Amino acid sequence: MDLRILGCHGGETAKHRTTSFLVDGRLALDAGATTAMLTLEEQVALDAVVVSHAHMDHVRDLASLADNRCQSAKHPLVVAGTRATIKALKEHFFNNVLWPDFTVIPLVGGGGTTVELRVLEPEVPQEIAGYALRAVLVSHTIESAGIVVEREGTALAFSGDTGPTDRFWEVLSELPGLKAVLQEVSFPNELEWLAKISGHHTPSTLERELLKLDRKDVPWLMFHIKPAFQSAVERELAKLHQDRLEMLSLGDEFVL
Ligand SMILES: [Zn+2]
Ligand SMILES: [Zn+2]
């Protein structure tokens, strides 16, 4: 499984992109940077985007992605998420007000509609784009899901936006093929009150999560740091003395 980091921050600047990861060039996890970081050919090659939750920093590029693919793609883009996420996309995003409803607009060259929305029932594996995808509800201000991606015995987990949570770690503990966890952390320890009310982590709350997955061999790839707090959060993460925590940079690539 090839993993490419398209966006790994909780905010955007000229040097930071919001959450998006690319698996094998055909499956995107969240759409915070799927057009900002991909060529038109790479956008057309996508089969599906799994969305952890409906917040704008995770869905924003679905707008430009759908528009670009409408003119160039040969098959619909599957956009998958839990029920509340799909409902929010339908009502507030592809609603013919904020953006055209690409779930009914056909591809210019034929082959179906531009976007096909797909509901993931929590913890029920669903085959999409050749992967078994599982959504596990986590703890955020709106419905948010961690996503487990599995193919041929290899598994990648993505926490979505979340504060402290339990079920996600229980599911991961039972995954022998787990190769990496994309894990959110957003604010420095002094803003734990803000992390708490906004459903995010600080290095300190993350330290308690590390106890919930007893797999020292599995790297935790850190994303969603707010750009303003990059160095503070990095310093505090380093003080945890956990070799399994890895910082991410735009464009990083991993083979899992
Ligand atoms: Zn969020
Ligand atoms: Zn976010």
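In this text the structure is predicted, and so the values were computed from the model without any measurement. Residues: numbered from 1 along the sequence shown. All ligand and atom numbering here is 1-based and tracks the order in the structure. Side chains included, hydrogens not; waters and symmetry mates left out as well; all remaining heavy atoms used.
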* Are Asp252 and Arg4 ion-paired here, with the side-chain N under 4.0 Å from a carboxylate O? ->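 Salt bridge between Asp252 and Arg4, a charged N being under 4.0 Å from a carboxylate O: no.
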* Asked: Is Lys239 salt-bridged to Glu234, going by a charged N under 4.0 Å from an acidic O?
  ->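 No salt bridge links Lys239 with Glu234.
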* Asked: Got a donor-acceptor contact below 3.5 angstrom from the Asp57 side chain to the Gly10 backbone?
  ->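 No; judged by distance alone, with no hydrogens or angles, the pair does not exist.
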* Quick one: do Leu175 and Leu210 end up in the same hydrophobic cluster if we chain Ile, Leu, Val, Met, Phe, Trp and Tyr together by side-chain heavy atoms under 4.5 Å apart? ->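 Hydrophobic grouping puts Leu175 with Leu210.
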* Could you pull out the atom name of the N/O/S atom in Asp161 that is nearest the Zn ion (ligand 2)? =>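 Nearest to the Zn ion (ligand 2) within Asp161's N, O and S set: OD2.
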* To do: Considering just N/O/S atoms, say which atom of Asp57 is closest to the Zn ion (ligand 2).
  =>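 Looking at Asp57, the N, O or S atom with the least distance to the Zn ion (ligand 2) is OD2.
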* To do: Could you check which N/O/S atom of His55 is closest to the Zn ion (ligand 1)?
  =>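 That would be atom ND1.
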* Asked: Roughly, to 10 degrees, what angle do His224 atom NE2 and His58 atom NE2 form around the Zn ion (ligand 2)?
  ->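 Seen from the Zn ion (ligand 2), NE2 and NE2 are separated by roughly 110°.
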* Take atom CG of Asp243 as the centre, draw a 6.0 Å sphere, and report whether it contains more than 12 heavy atoms from other residues, nucleotides or ligands. =>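 No - once you tally the heavy atoms of other residues, nucleotides and ligands closer than 6.0 Å, there are 12 at most.
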* To do: Could you tell me whether any N, O or S atom belonging to His53 is less than 2.8 Å from the Zn ion (ligand 1)?
  =>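 Given the 2.8 Å cut-off, His53 counts as a ligand of the Zn ion (ligand 1).
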